[in-house]
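Residue numbering restarts at 1 for every chain, and letters A, B, ... go by the order of the sequence lines.
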Number of protein chains: 2
Amino acid sequence: MFQLDLKSRESIYEQIINQMKELIITGILKEDEKLPSVRELSKILTVNPNTVQKAYRELERQGYVYTVAGLGCFAASIADVKRDEAAIAQLTETLRTTLRQLTYLGFSKDEIDALLMTLLQEDQQKTEELKKGSEHI
Amino acid sequence: MFQLDLKSRESIYEQIINQMKELIITGILKEDEKLPSVRELSKILTVNPNTVQKAYRELERQGYVYTVAGLGCFAASIADVKRDEAAIAQLTETLRTTLRQLTYLGFSKDEIDALLMTLLQEDQQKTEELKKGSEHI
DNA sequence: TTAAGTGTACCATGCGACATAATACAGTGT
DNA sequence: ACACTGTATTATGTCGCATGGTACACTTAA
C-alpha cells in the first residue's frame, strides 16, 4: 500500500501525507472509507504510532480525512478537495519550483517543453487506459 | 546580489547554490569570472564561512565552478555543467505525479497544457529579467 | 621575504526537526 | 468488561544545519 523511502529528504510523516492524499484524490480510497488505524499503519510501515498520528492530524487539518473519536479516520468527500484552491495552489507551486530546478540544471526552454509534452502525453494515455479498463466491469 | 530567506525550509547553503547556479546559467557570471571569495561572501550574507564553502564545494562537484588554490573560485563553462541524472530523474518523477494529481482533480489536458505553458513562460521571463537586470551594473 | 588574501580541512558546540519509546486518558462497539 | 479507536504528554536519541575557532598550503603584491 505504501512505499516509504527512509533516505528521502522528505520526512516520513510527509510521505505518508502525500501518498494518502494520492489514494484519496485518485479515488482508490473512496469517500467515507476507513483508513488504517494509527497503530495498524504504524505496524505495517514499522514506524512509530506518533509519526502516523502526526500525518493523520495534518490530513484532517487539510480536509482530506475526518476522524471520529473511538471509531477511526475516514476519507473525506473528494468534492471537498476537488477544485480546492489550496490544493491547486500547492500543485502549481510544486510545478513552478520543479521547472526552476530544471532550469538550474541547465535545461533549455525547448528541452523542458519537450519533457513536459512527453509526460503530459503519458498522463493522458494512462487516463485513457483507466477509462477503457473500467468499461467492462 | 543575493537574497537569503532564513525562514525557508531550503537551507542557506542550498539557497547559495541555487542562486549561484542562476547567475551562471543566465550568464550574469561569465565564464572564468571570479566569484566572491568564501570569506567575502560570508561577510556580505552575514553567514559562516563554512556555510559558503559548503556551497562552493558542491557547486564545483556539479561542474558549475572551478577553483584554483590561492586564487579563488571561478564560473565554469556552462557546457561543463554535469547533468545529475539522479536529480533529473527525481524532478521528472515529481512532475509526473504532480500532473497526475491535477488530472485527478479534474483538470483537462488543455487546462494542464495551458498552465504548464504559463509557468514555463514565467520561468523564462524570470531568467530574462535577471539577464537584463545585470546589464546596467 | 613578508604580508594579505585565497581555498581547504578540521573539531567542538548549539539548535531544531524528526522519529522513537512509553504511558495515559477518553470515546465506541461488541 | 474488553478490545478497539483517536488523542495527549513526556523523555530520549539522532541527524542535518549553522556557527565559531583554528590551522595549513597556495598565490599575489608590496
Side-chain angles (χ1 to χ4, degrees), chain A residues 1-20 23-24 29 32-76, chain B residues 1-20 23-24 29 32-76 80 86-87 90:
Chain A
M1 181 182 198
F2 278 108
Q3 194 66 26
L4 288 188
D5 178 11
L6 299 182
K7 302 172 196 164
S8 170
R9 63 173 298 163
E10 205 181 23
S11 62
I12 295 178
Y13 87 94
E14 281 176 321
Q15 291 182 49
I16 295 177
I17 288 176
N18 287 329
Q19 299 202 32
M20 202 59 88
L23 293 180
I24 294 173
L29 267 177
D32 298 327
E33 192 169 342
K34 188 176 176 304
L35 275 64
S37 76
V38 170
R39 292 171 178 81
E40 189 182 346
L41 186 55
S42 78
K43 283 181 183 174
I44 294 176
L45 302 177
T46 59
V47 297
N48 194 278
N50 290 330
T51 303
V52 177
Q53 194 217 337
K54 189 172 182 178
Y56 278 20
R57 190 193 312 153
E58 183 62 18
L59 281 170
E60 180 175 30
R61 198 189 66 80
Q62 293 184 26
Y64 283 84
V65 303
Y66 64 92
T67 62
V68 182
L71 278 184
C73 201
F74 305 85
Chain B
M1 182 180 197
F2 278 107
Q3 193 69 24
L4 289 188
D5 178 11
L6 300 182
K7 302 172 196 167
S8 169
R9 64 176 295 164
E10 202 182 26
S11 60
I12 294 179
Y13 88 94
E14 282 176 320
Q15 291 182 49
I16 295 177
I17 288 176
N18 283 331
Q19 299 202 32
M20 202 59 90
L23 294 179
I24 294 173
L29 267 177
D32 298 327
E33 192 170 342
K34 188 177 177 303
L35 276 63
S37 76
V38 170
R39 292 171 179 81
E40 190 182 347
L41 186 55
S42 77
K43 284 181 183 174
I44 294 175
L45 302 178
T46 58
V47 297
N48 196 279
N50 289 328
T51 304
V52 177
Q53 194 217 338
K54 188 172 182 179
Y56 278 19
R57 190 194 312 151
E58 183 61 18
L59 281 170
E60 180 175 31
R61 197 189 66 80
Q62 294 183 24
Y64 283 84
V65 302
Y66 64 93
T67 62
V68 182
L71 279 184
C73 202
F74 305 86
D80 292 340
Q90 184 65 51

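When each of B:Lys54 and A:Gly70 is assigned the nucleotide of DNA chain D with its nearest heavy atom, A:Gly70 is the one assigned upstream, toward the 5' end. For the pair B:Glu10 and A:Gly72, nearest-nucleotide mapping onto DNA chain D gives the more 5' position to A:Gly72.
When the P atom of C:dC10 is taken as reference, atom CD of B:Gln53 falls 10 Å away, rounded to whole Å. Computed from coordinates, the A:Leu71 CG to C:dT30 C1' distance equals 13 Å when rounded to whole Å. Atom CD of B:Glu40 is separated from atom P of C:dT6 by 6 Å (rounded to the nearest Å). Per the geometry, CZ belonging to A:Arg39 stands 13 Å off C1' belonging to C:dT28, to the nearest Å. Rounding to whole angstrom units, CG of residue A:Leu4 and C1' of C:dC18 are separated by 14 Å. B:Arg9 places its CZ atom 12 Å from the C1' atom of C:dC18, with the value rounded to the nearest Å. Atoms NZ (B:Lys43) and C1' (C:dG5) sit 10 Å apart, rounded to a whole Å. Residue B:Ile12 contributes atom CD1, which lies 13 Å from atom C1' of C:dG16 at whole-angstrom precision.
Taking a 6.0 Å sphere around CD of B:Gln90, one finds it holds 12 or fewer heavy atoms contributed by other residues, nucleotides or ligands. Around the NZ atom of B:Lys34, the shell of radius 6.0 Å holds more than 12 heavy atoms that belong to other residues, nucleotides or ligands.
The side chain of B:Ser37 approaches C:dG7 more closely than any other nucleotide in the set C:dA9, C:dG7, C:dA19. Distances were taken from every side-chain heavy atom of B:Asn50 (C-beta onward) to each of C:dA9, C:dT6, C:dA19; the shortest belongs to C:dA9.
Using a cut-off of 4.0 Å between Lys/Arg side-chain N and Asp/Glu carboxylate O, B:Glu58 and B:Arg61 are scored as salt-bridged.
Applying the 3.5 Å distance criterion, the base of C:dC18 shares no donor-acceptor pair with the side chain of A:Asn48.
Side-chain contact between A:Glu10 and A:Asp5: absent, with no pair of heavy atoms (C-beta onward) separated by less than 4.5 Å.
Using a distance-only test at 3.5 Å, with no hydrogens or angles considered, no donor-acceptor pair links the side chain of B:Gln53 to the main chain of B:Val38.
Listed by chain and number, the residues in a side chain to side chain donor-acceptor pair (under 3.5 Å) with B:Thr67 are B:Glu60 (sequence neighbours excluded).
Counting any heavy atom pair closer than 4.0 Å across all strands shown, B:Glu60 reaches sugar-phosphate atoms only and no base atom.
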Stepwise side chain to side chain contact (heavy atoms under 4.5 Å, CB included) test for B:Gln15 and B:Phe2: CA-CA 9 Å; B:Gln15 291 182 49; B:Phe2 278 107; over 6 Å; no
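On the nucleic acid side, DNA chain D has its first and last nucleotide under 4.0 Å of a heavy atom of chain B at D:dC17 to D:dT28, going 5' to 3'.
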